[in-house]
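Notes follow the structure.
Note that the structure is predicted; figures quoted are calculated from it, not measured.
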Amino acid sequence: MSDVQLDNTQVSALSPQAQQSDDTATLLEVRNLKKYFSVKGGLLRRTVAYVKAVDDVSFAVRKGETLGLVGESGCGKTTVGRTLLRLEQATAGEVLFDGRNVLTFSGSAMKALRRDLQIIFQDPYSSLDPRVHIGESVAEGLTIHGIGDREERVQKVREALIKVGLHPSHMQRFPHEFSGGQRQRIGIARALVMNPRLIVADEPVSALDVSVQSQVLNLMRTLQHEFGMAYLFIAHNLSVVEHISDRVAVMYLGKIVELADRKGLFTSPRHPYTKALISAIPVPNPRARRQRIILQGDVPSPLNPPSGCRFHPRCWMARAICREVEPTFEEKVPGHWSACHFSEEVIDSLPARQ
Ligand code: SF4
């Protein structure tokens with residue numbers, strides 16, 4: 001597969017998510033973002049199809065908030081994060097940071113923006129050079145951007161390591177001398193040292209033990225309170241997202257199907273897919289009962305998504321209209337958006353016993 005650059009003509013005016021958010025509080029706004037990968041075939045290696053990894057996605061991240069972006073593996077959530085950071089080239093759409101479309105930025109403008117926009121990877125080990133001391137790795141962004149002299153950079157790295165719960169003496173160690181949780185703290189320190197305004201955290205705890213996960217999540221929350229940065233928190237695990245997010249967007253097969261504040265989403269889901277994901281979260285109280293909804297079938301291929309509502313082959317609420325008409329992503333109640341023809345019925349509906 002390779003990237004494809006298509007037209008940008010389908011970019012609409014202000015996205016619904018941005019309309020409903022307070023403009024002064026919006027830090028990042030993604031409008032009608034698409035990322036298609038071309039599939040080559042035949043002797044001449046011509047494009048024979050497109051994988052629509054991200055297909056017309058719009059949302060906004062407000063200053064200082066955490067927006068969780070959740071969905072099954074392969075739904076396109078990681079591609080959203082990589083595309084808005086320009087680690088992938090967008091096929092169409094806009095990504096506005098402080099009102100400016102970063103997809104049109106030159107190399108130097110993008111380099112300057114990277115001070116404000118940082119990323120934390122799922123596997124921090126792969127982003128750390130095994131031959132380089134941690135102090136140097138954490139200082140890398142400062143060095144690239146020419147921030148401070150050597151002494152000032154060392155001081156900033158010391159402070160960042162302390163903030164993430166490590167010791168300044170760790171600066172002289174190599175990545176292999178740390179545990180998984182400590183490496184993720186180093187990944188956070190690398191982002192933090194730049195004093196960013198938005199961090200895209202791509203599955204930052206999914207490779208960690210459960211006991212370590214909550215420590216890292218609590219650390220991220222604490223740092224957010226202290227420094228005021230926003231997070232776009234990408235994860236496949238809804239319970240992790242629930243722990244840290246102010247609002248949550250749910251993706252399915254390249255599209256956002258529901259977006260709401262945390263409480264609204266978890267207590268009154270308005271899309272059957274969200275309801276199924278919530279039903280899979282373990283309940284801590286053994287006496288509490290919740291019917292687990294087991295979705296039938298696999299996620300369809302984004303090469304050839306189903307007609308109408310993409311979720312219809314797996315949806316227990318599907319009716320004839322769902323196979324033919326794609327539901328609009330719209331605000332059902334203030335602040336709560338969903339793409340389902342029968343969203344008001346979701347709360348009470350359950351599949352037949354499985
Ligand atoms: Fe299910 Fe129809 Fe709603 Fe899609 S539109 S989620 S198929 S009820």
Side-chain angles (χ1 to χ4, degrees), residues 27-28 63-64 66 78 81-82 84-88 97-98 102 105-205 207-208 212 215-234:
L27 179 64
L28 177 88
K63 290 173 185 164
T66 298
T78 290
R82 292 181 60 81
L84 67 88
L85 288 166
R86 292 197 40 192
L87 300 176
E88 299 282 357
F97 189 81
D98 271 345
V102 307
F105 277 17
S106 64
S108 57
M110 201 58 215
K111 183 183 169 191
L113 180 74
R114 292 205 189 283
R115 286 182 67 166
D116 284 333
L117 255 177
Q118 290 288 309
I119 184 165
I120 299 172
F121 295 98
Q122 174 180 356
D123 178 10
Y125 196 54
S126 62
S127 62
L128 295 170
D129 188 332
R131 299 158 302 178
V132 173
H133 286 137
I134 289 309
E136 220 175 300
S137 287
V138 174
E140 189 180 12
L142 299 172
T143 309
I144 289 171
H145 289 276
I147 299 170
D149 57 27
R150 189 175 151 66
E151 216 166 288
E152 287 165 337
R153 288 200 284 269
V154 168
Q155 186 53 30
K156 280 181 186 288
V157 171
R158 290 170 63 91
E159 287 168 10
L161 289 177
I162 292 169
K163 288 289 179 197
V164 301
L166 296 173
H167 194 273
S169 64
H170 289 151
M171 287 171 71
Q172 301 306 320
R173 295 192 188 170
F174 291 98
H176 72 268
E177 297 179 69
F178 295 90
S179 68
Q182 286 176 320
R183 280 186 211 131
Q184 196 51 288
R185 287 172 189 268
I186 294 165
I188 295 170
R190 288 183 84 186
L192 188 68
V193 78
M194 300 301 292
N195 199 15
R197 296 167 66 202
L198 174 68
I199 293 178
V200 175
D202 186 8
E203 300 269 15
V205 297
L208 305 178
V212 182
Q215 291 171 15
V216 172
L217 291 173
N218 290 338
L219 170 67
M220 289 180 69
R221 261 294 197 206
T222 304
L223 294 173
Q224 186 178 48
H225 285 141
E226 187 171 347
F227 296 99
M229 75 285 256
Y231 293 129
L232 176 62
F233 191 97
I234 298 169

Checklist entry - Residues in salt bridge (charged side-chain N to carboxylate O under 4.0 Å, His left out) with Glu226, at least two apart? => result Lys163

Checklist outcome for this item: Taken in chain and number order and not counting sequence neighbours, the residues that satisfy side-chain hydrogen bond (donor to acceptor under 3.5 Å, both in side chains) with His176 are none

Checklist entry - Which atom pair, heavy atoms only, marks the closest approach of Ile234 to Gly81? => result CD1-CA, 4.0 Å

Item to check | Residues forming a side-chain contact (heavy atoms from CB on, under 4.5 Å) with Arg173, sequence neighbours excluded | outcome: His170, Glu177, Phe178

Checklist entry - Just wondering, do Val164 and Leu219 contact through their side chains at under 4.5 Å, heavy atoms? => result yes

Item to check | Closest contact, heavy atoms only, Leu208 versus Val216 | outcome: CD1-CG2, 3.7 Å

Checklist entry - Who passes side-chain contact (heavy atoms from CB on, under 4.5 Å) against Thr222, sequence neighbours left out? => result none

Checklist entry - Under the side chain to side chain contact (heavy atoms under 4.5 Å, CB included) criterion, do Ile119 and Ile199 qualify, and how do the steps go? => result CA-CA 5 Å; Ile119 184 165; Ile199 293 178; over 6 Å; no

Next on the checklist: Given 3.5 Å as the limit, does a donor-acceptor pair link the side chain of Gln118 with the main chain of Arg114, or not?
Outcome noted: yes

Item to check | Side chain proximity check, Phe233 to Pro204, heavy atoms < 4.5 angstrom | outcome: yes

Item to check | Step-by-step side chain to side chain contact (heavy atoms under 4.5 Å, CB included) determination, Met229 to Leu223 | outcome: CA-CA 8 Å; Met229 75 285 256; Leu223 294 173; 4.3 Å; yes

Next on the checklist: Test of understanding: with side-chain hydrogen bond (donor to acceptor under 3.5 Å, both in side chains), list the residues that count as partners of Glu203, not counting sequence neighbours.
Outcome noted: Ser206, His236

Checklist entry - Quick one: does Glu136's side chain have a donor or acceptor within less than 3.5 Å of a partner on His133's backbone? => result no

Next on the checklist: Name the residue from Arg153, Glu159, Glu151, Glu152 that meets the side chain to side chain donor-acceptor pair (under 3.5 Å) definition with Gln155.
Outcome noted: Glu159

Checklist entry - How would you list, by chain and number, every residue that makes a side-chain contact (heavy atoms from CB on, under 4.5 Å) with Ala112, sequence neighbours excluded? => result none

Checklist entry - Can you list the residues that meet the salt bridge (charged side-chain N to carboxylate O under 4.0 Å, His left out) rule with Arg185, with sequence neighbours excluded? => result none

Checklist entry - With Arg131, which residues qualify under side-chain hydrogen bond (donor to acceptor under 3.5 Å, both in side chains), at least two apart? => result Asp129

Next on the checklist: With heavy-atom distances below 4.5 Å as the criterion, would you say the side chains of Ile134 and Pro175 are in contact?
Outcome noted: yes

Item to check | Results of side-chain contact (heavy atoms from CB on, under 4.5 Å) for Ile147 - residues two or more places apart only | outcome: Arg115, Leu142, His145, Lys156, Met194

Checklist entry - Shortest non-hydrogen contact from Val138 to Leu161? => result CG2-CD2, 4.3 Å

Item to check | Atom of Val132, atom of Ser137 and distance for their closest heavy-atom approach | outcome: CG1-OG, 3.8 Å

Checklist entry - How close do Ala230 and Gln224 get, heavy atom to heavy atom, and via which atoms? => result CA-NE2, 4.1 Å

Checklist entry - Taking it one step at a time, do Asp98 and Arg197 satisfy salt bridge (charged side-chain N to carboxylate O under 4.0 Å, His left out)? => result CA-CA 11 Å; Asp98 271 345; Arg197 296 167 66 202; 2.6 Å; yes

Checklist outcome for this item: Hits for salt bridge (charged side-chain N to carboxylate O under 4.0 Å, His left out) against Arg221, two or more places apart or cross-chain, chain-then-number order -> Asp246

Checklist entry - Nearest heavy-atom pair of Val102 and Leu84: which atoms, and what distance? => result CG2-O, 3.9 Å

Next on the checklist: If the condition is side-chain hydrogen bond (donor to acceptor under 3.5 Å, both in side chains), which residues does Ser126 pass it with, not counting sequence neighbours?
Outcome noted: none

Checklist entry - With sequence neighbours left out, what residues match Arg82 under salt bridge (charged side-chain N to carboxylate O under 4.0 Å, His left out)? => result Glu88

